[in-house]
Each structure stands twice: as C-alpha cells, then as structure tokens.
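Structure, as structure tokens:
Predicted, not measured: the structure shown is a model, and the values here were computed from it. This chain uses plain numbering: 1 for the first residue, then up along the sequence.
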Amino acid sequence: MDNGKLIGCVYLDLSKAFDTIGHGILLDKLPAYGVVGPELAWYTDYLFNRTQLVEMQNNCSRPSTITIGVPQGSILGPLMFIVLFNEGLG
C-alpha cells in the first residue's frame, strides 16, 4: 500500500449454501461417483426424515422435520456440497 499498489480481497460466505441443497438432486448425482446400492440407501436415510429441536435450560422445542439442506457441522456436508456443484461428473 505504501508503494501505491492496490490490494484486493474477496470474502465469500457459504454458510447458507448448505441450507439450499435439494436432497433429490444430490441423490441423483451420487451414482456418477460410484455411490449405489446400500451406500446410496444410507445417504437417502441420512438426508430424509431428519428432525431437529432446540433444548435450552431443560426446555425443548417441538421437533421439526428437515426437508432441504445438509446438516451443518457434519463431516459429509462439505463433500455433499461439492458433489452437488461439480459439473465434471453427474
């Protein structure tokens, strides 16, 4: 900066991107990566019919069914996001 040169920086926030992943579209792409049979059934069970609730000071919210998105904080979340947006296969 002292030499008159520009410095640029780009920040991307992908935290909400995980919430937009459609389960059906993702499951349609997995066979292109060799995920078939029991493994594909496992992913299907992992994504569909999940529920979540919030517990705070011994009070629980009502369970809510998750119909879209990948569990944030999961190890598989980033992998599923990459599979969904990779156009090389699938």
Distance, nearest 0.5 Å, that separates [atom1] of [X] from [atom2] of [Y]:
{"X": "His23", "Y": "Met80", "atom1": "NE2", "atom2": "CE", "result": "8.5 Å"}
{"X": "Gln52", "Y": "Ser61", "atom1": "CD", "atom2": "OG", "result": "8.0 Å"}
{"X": "Leu30", "Y": "Leu84", "atom1": "CG", "atom2": "CG", "result": "9.5 Å"}

Heavy-atom closest pair, residues Tyr33 and Lys29: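 Result for this residue pair: CD1-O, 3.4 Å.
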Should Val36 and Leu26 be counted in the same cluster of Ile, Leu, Val, Met, Phe, Trp and Tyr side chains packed under 4.5 Å apart?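 Val36 and Leu26: separate clusters.
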Looking at side-chain heavy atoms only, is the closest gap between Tyr43 and Leu76 below 4.5 Å?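 Yes, close enough: below the 4.5 Å cut-off.
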Just checking Leu53: does its CG atom have more than 12 heavy atoms from other residues, nucleotides or ligands closer to it than 6.0 angstrom?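 It does: Leu53 CG has more than 12 such atoms within range.
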